[in-house]
Participant: 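This is the structure I have questions about; it appears just below.
Small disclaimer: the values here were computed from a predicted structure and weren't measured.
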Amino acid sequence: MNIFDELTWRGLVHQVSDAEGLRKYLDAPGQAMYCGFDPTAESLHIGNLVPLLSLVRMLRAGHKPIFLLGGATGLIGDPSGKDKERELSNQAAVQARAERIRAQMEAFVERNTGQKPRVMNNYDWVKDMSAIELLRDVGKHFTVNWMLAKDSVKGRIEREETGISYTEFSYMILQGYDFYHLCKEYGCRLQIGGGDQWGNITAGTELIRKKAAGDAYALTFPLITTASGKKFGKSEKGAIFMSPALTSPYAFYQFWINTEDADVVKFLKYFTFLTQEDIAALEAEVARAPQERAAQKALAAQSTIMVHGEEELAKVLAATDALFGKGDLRALDHGTLAAALESAPAKDYAFAALPDLPQILVDLNLCPSKGQARKDIQAGAVSLNGDKVSDAARALTEDDFLGEVNATHGAFVVLRKGKKNYGLVRLG
RNA sequence: GGUGGGGUUCCCGAGUGGCCAAAGGGAACAGACUGUAAAUCUGUCGGCGUCAGCCUUCGGAGGUUCAAAUCCUCCCCCCACCA
């Protein structure tokens with residue numbers, strides 16, 4: 001199947017500049033295409049997953065994608081989809097983040113294709129460009145009239161309180177130049193990006209048309225939404241990052257397993273390499289026995305393998321089983337339980353100085369205040385080693401601690417608020 | 001610069017002297033149901049608490065009053081129209 005048709009089937013094609021032309025372009029193997037990632041955070045997050053995966057799909061289809069780090073554009077700030085001007089980041093910080101993301105991309109691509117990706121940084125070709133070059137050789141090809149018509153700019157001009165600085169206004173020119181540069185140097189004629197990138201991408205196709213007298217293609221992905229209207233990619237604790245240091249593999253897996261039925265098939269298409277047949281089978285499962293959640297399990301497993309690997313998935317599954325299995329926490333193997341709760345918040349106390357239960361819940365960040373903790377206990381939201389606590393004044397006793405104090409993992413009490421929030425009380 | 005309208009608890013928004021920690025909605029959290037789903041229903045939703053109450057909050061600073069989100073003075077900011 002032509003990769004363009006595959007992307008279409010997956011629902012990943014939102015806008016294309018020339019569908020037939022692009023389809024032909026992608027027919028021959030070894031074509032170049034790129035997508036940029038501005039280093040605005042320490043790690044990629046799942047909002048970056050669609051473009052990242054799309055480049056990987058290209059690689060698997062025999063093409064030569066370029067993974068572009070926005071070391072230069074990250075210094076300017078993309079106005080697309082932002083209703084106010086952004087703080088400029090410190091230059092050293094941007095380059096440091098870019099390097100971190102480079103390592104992350106390389107690991108990701110190698111895990112999923114066995115190949116080393118071509119990762120580039122636009123800082124390398126933008127840093128030595130002079131103001132005169134930029135204004136004469138690039139700027140001359142853009143009329144302000146045309147730039148003002150872009151959504152990213154128009155939206156900001158209408159907001160008189162915030163406006164838009166000349167810096168961010170120029171962002172599309174830099175991004176356009178990237179595309180031109182990659183086209184000239186590597187024959188790259190396709191840029192892909194999120195739904196808000198259309199304006200920036202077409203700045204590039206425009207520049208290529210005028211300077212290189214050739215065609216280039218633009219393709220954007222749809223904005224990812226959930227059926228119930230929640231923002232995709234955010235949990236209570238914020239963005240879901242790909243770095244295990246920022247979002248534990250357990251939390252990552254949990255995010256996917258909680259996908260609504262109404263979204264799960266769409267997400268399987270977006271976020272996994274599963275084939276049309278596999279996904280059709282899972283779709284039938286959702287219809288037949290939704291309570292089994294076969295599709296959610298497949299989605300969570302696939303994406304966890306993709307980002308964290310098979311080994312991490314095995315650990316996560318063991319943890320999930322321990323915490324959501326029906327078993328008595330006391331009957332569980334202590335080591336398994338300890339491993340399952342590895343990423344849960346923990347707090348050490350001296351036994352003699354154990355505070356009251358509401359205070360412990362606050363210390364573990366399970367409740368925002370002691371008052372709220374008492375209310376939660378009254379509402380039956382808190383459990384201790386799996387048993388509901390109904391008395392806020394209940395004190396912890398030695399019997400509550402699971403495991404031997406001198407065992408490998410130490411003794412602890414498992415507290416839970418709601419269905420999914422765990423915390424550990426340890427002696428120390 | 002002039003005139004008018006505003007700034008309320010996470011967000012929107014009611015409240016024009018005591019019955020105001022402040023209506024209503026949203027978000028969030030929890031409970032029930034179920035499937036670690038959605039929808040629905042219920043509860044909570046400034047902090048502390050021995051649950052009596054205490055403390056902090058209505059753009060900022062003062063003032064009037066037994067009592068102020070509400071009245072007065074000055075200041076800051078936003079919006080609309082005029083210049």
Participant: Over how many whole Å does the gap from A/Glu285 atom CD to B/G35 atom C1' extend?
Facilitator: 14 Å
Participant: Round to the nearest Å and state the distance from A/Lys419 atom NZ to B/A30 atom C1'.
Facilitator: 10 Å
Participant: Less than 6.0 angstrom separating the ring centers of A/Phe252 and A/Phe241, yes or no?
Facilitator: no
Participant: Do A/Glu106 and A/Lys116 sit within salt-bridge range, that is, some charged N less than 4.0 Å from a carboxylate O?
Facilitator: no
Participant: Is the cationic atom of A/Arg426 (NZ for Lys, CZ for Arg) positioned less than 6.0 Å from the six-membered ring centroid of A/Tyr349 and within 45 degrees of its normal?
Facilitator: no
Participant: Distance between the P atoms of B/A67 and B/A23, in whole angstroms?
Facilitator: 25 Å
Participant: In whole angstrom, what separates A/Ile377's CD1 from B/C29's C1'?
Facilitator: 15 Å
Participant: Any strand is fair game: report the nucleotide pairing with B/U3 by Watson-Crick or G-U wobble, both distances under 3.5 Å, or none.
Facilitator: B/A80
Participant: Is the ring pair A/Phe267/A/Phe271 parallel, tilted or perpendicular, if the boundaries are 30 and 60 degrees?
Facilitator: perpendicular
Participant: Side chain of A/Lys417 only, please: which of B/A32, B/A30, B/U36 is the nearest?
Facilitator: B/A30
Participant: Grab the OH-P distance between A/Tyr422 and B/U36 for me, whole Å please.
Facilitator: 11 Å
Participant: Should B/A38 form a Watson-Crick or G-U wobble pair with both distances under 3.5 Å, which nucleotide is its partner?
Facilitator: none
Participant: Any chance NZ of A/Lys140 has more than 12 other-residue heavy atoms, nucleotides or ligands included, within less than 6.0 Å?
Facilitator: no
Participant: Is any side-chain nitrogen or oxygen of A/Asn421 closer than 4.0 Å to OP1 or OP2 of B/U36?
Facilitator: no
Participant: Could you tell me the Watson-Crick or G-U partner of B/G24, where both distances fall under 3.5 Å? Say none if there is no partner.
Facilitator: B/C12
Participant: From CG of A/Asp261 over to C1' of B/U34, roughly how many Å is that when rounded to an integer?
Facilitator: 11 Å
Participant: If I pick the C1' atom on B/G62 and the same atom on B/C51, what distance separates them, to the nearest angstrom?
Facilitator: 37 Å
Participant: Using a 4.0 Å heavy-atom cut-off, does A/Lys388 contact any base of the nucleic acid, only the sugar-phosphate backbone, or nothing at all?
Facilitator: sugar-phosphate
Participant: Of A/Asn421, A/Val389, A/Asp356, A/Ile377, which meets side-chain contact (heavy atoms from CB on, under 4.5 Å) against A/Leu361?
Facilitator: A/Ile377
Participant: Write down the distance separating the P atoms in B/A68 and B/G59, rounded off to the nearest Å.
Facilitator: 15 Å
Participant: Is a salt bridge present between A/Lys315 and A/Glu311, judged by a nitrogen-to-oxygen distance below 4.0 Å?
Facilitator: no
Participant: Rounded to whole angstrom units, what separation is found between the CG atom of A/Leu361 and the P atom of B/A30?
Facilitator: 13 Å
Participant: Does A/Asp391 come within less than 4.0 Å of A/Arg374, counting only side-chain N to carboxylate O?
Facilitator: no
Participant: In whole angstrom, give me the gap between the P atoms of B/G60 and B/G7.
Facilitator: 13 Å
Participant: Across the strands shown, which category fits A/Gln378 at heavy-atom distances under 4.0 angstrom: base, sugar-phosphate, nothing?
Facilitator: nothing
Participant: Sugar-phosphate means primed atoms, P, OP1 and OP2; the rest is base. With that split, encode nucleotides 39-49 of chain B 5' to 3' as B, S or - using protein heavy atoms under 4.0 Å.
Facilitator: S----SS-SSS
Participant: Nearest 0.5 Å, please: how far is OG1 in A/Thr205 from CG in A/Asp18?
Facilitator: 11.0 Å
Participant: Quote, to the nearest angstrom, the P distance that separates B/C58 from B/U70.
Facilitator: 9 Å
Participant: Using the closest heavy atom to pick a nucleotide of RNA chain B for each, name whichever of A/Arg293 or A/Gly418 lands nearer the 5' end.
Facilitator: A/Gly418
Participant: From CZ of A/Phe252 over to C1' of B/U36, roughly how many Å is that when rounded to an integer?
Facilitator: 17 Å
Participant: Sort out the partner of B/U57 for me: Watson-Crick or G-U wobble, both distances under 3.5 Å, none otherwise.
Facilitator: none
Participant: Is B/U64 paired to anything, Watson-Crick or G-U wobble with both distances less than 3.5 Å, and if yes, which nucleotide?
Facilitator: none
Participant: What is the distance from CD of A/Gln291 to P of B/G35, rounded to the nearest Å?
Facilitator: 7 Å
Participant: Quote, to the nearest angstrom, the P distance that separates B/A61 from B/A69.
Facilitator: 13 Å
Participant: Mind checking the C1' distance from B/C11 to B/U50? Whole angstroms is fine.
Facilitator: 37 Å
